[in-house]
Amino acid sequence: MKRSNLNLADVKNNVKNLKGESVWLAINRGRKKIEKVSATIKDIYPSVFTITTNGSLQTFSYFDIMCGNVKILQS
């Protein structure tokens with residue numbers, strides 16, 4: 001688990017600013033499997049955010065970004 005220098009409020013604010021935009025995500029699925037997907041940030045909730053990719057809905061927590069399991073890459 002790798003910690004970033006951002007705190008929770010910064011991460012939430014960054015994700016909130018990208019709501020509705022198309023972004024690239026690098027998702028660590030474990031066992032050295034990194035999945036890169038093009039997604040749109042759909043909804044923002046107090047402890048999680050949702051994305052849509054290829055018609056499917058996925059949910060991630062802000063802690064996933066802080067740990068480095070999910071990285072948001074600008075498109």
Side-chain angles (χ1 to χ4, degrees):
M1 176 176 3
K2 184 175 87 172
R3 286 272 184 160
S4 67
N5 294 333
L6 299 175
N7 62 20
L8 185 60
D10 291 339
V11 172
K12 283 185 178 182
N13 193 29
N14 290 344
V15 173
K16 183 179 175 183
N17 290 337
L18 294 172
K19 181 180 178 184
E21 293 187 25
S22 180
V23 295
W24 281 92
L25 294 176
I27 305 166
N28 184 355
R29 298 288 187 188
R31 294 192 180 235
K32 298 182 182 181
K33 295 177 187 165
I34 305 295
E35 181 181 352
K36 291 186 180 178
V37 296
S38 175
T40 302
I41 298 177
K42 183 174 175 163
D43 291 316
I44 308 293
Y45 297 104
S47 56
V48 296
F49 63 97
T50 59
I51 64 163
T52 55
T53 178
N54 297 332
S56 67
L57 184 70
Q58 296 182 16
T59 304
F60 297 101
S61 70
Y62 301 109
F63 193 70
D64 290 331
I65 295 174
M66 292 177 67
C67 291
N69 291 335
V70 175
K71 293 181 183 173
I72 299 176
L73 312 170
Q74 297 291 336
S75 49

| task | Could you tell me whether the side chain of Gln58 reaches within less than 4.5 Å of the side chain of Ile27, counting heavy atoms only? | result |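 In short, these two side chains touch, coming nearer than 4.5 Å.
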| field | Side chain to side chain, Leu25 and Ile72, heavy atoms closer than 4.5 Å | value |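 Yes; the side chains approach each other to less than 4.5 Å.
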If I compare all heavy atoms of [X] with all of [Y], which pair ends up nearest, and what's the gap?
X	Y	answer
Ser38	Thr53	O-OG1, 3.0 Å
Arg29	Phe60	NH2-CZ, 4.5 Å
Ile51	Ala39	CD1-CB, 3.8 Å

Any side-chain to backbone donor/acceptor pair from [X] onto [Y]? Under 3.5 Å, distance only.
X	Y	result
Asn13	Ala9	no
Thr59	Thr50	no
Lys12	Pro46	yes
Asn14	Val11	no

| said: Ile44 vs Tyr62, test: side chain to side chain contact (heavy atoms under 4.5 Å, CB included). Steps then yes/no. | reply: CA-CA 10 Å; Ile44 308 293; Tyr62 301 109; 3.1 Å; yes
| task | Tell me, with the steps shown, if Ser47 and Ser61 meet side chain to side chain contact (heavy atoms under 4.5 Å, CB included). | result | CA-CA 6 Å; Ser47 56; Ser61 70; over 6 Å; no
| Looking at Val15, Asp64, Leu18, Asp43, which one forms a side chain to side chain contact (heavy atoms under 4.5 Å, CB included) with Phe49? |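 The residue from Val15, Asp64, Leu18, Asp43 that satisfies side chain to side chain contact (heavy atoms under 4.5 Å, CB included) with Phe49 turns out to be Val15.
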| query | Atom CG of Asn7 and atom CE of Met66: how far apart are they, to the nearest 0.5 Å? | reply |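 Rounded to the nearest 0.5 Å, the CG-CE separation comes to 7.0 Å.
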| request: Output the distance between atom NZ (Lys33) and atom CG (Asn28), rounded to the nearest 0.5 Å. | output: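 If we round to the nearest 0.5 Å, Lys33:NZ and Asn28:CG are 11.0 Å apart.
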| task | Assess whether atom CG of Asn54 is packed by more than 12 heavy atoms of other residues, nucleotides or ligands within 6.0 Å. | result |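 At most 12 heavy atoms, drawn from other residues, nucleotides or ligands, come within 6.0 Å of this atom.
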| In one Ile/Leu/Val/Met/Phe/Trp/Tyr side-chain cluster, 4.5 Å: Val48, Val37 |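 No; tracing contacts between hydrophobic side chains, which count when under 4.5 Å, never links both residues.
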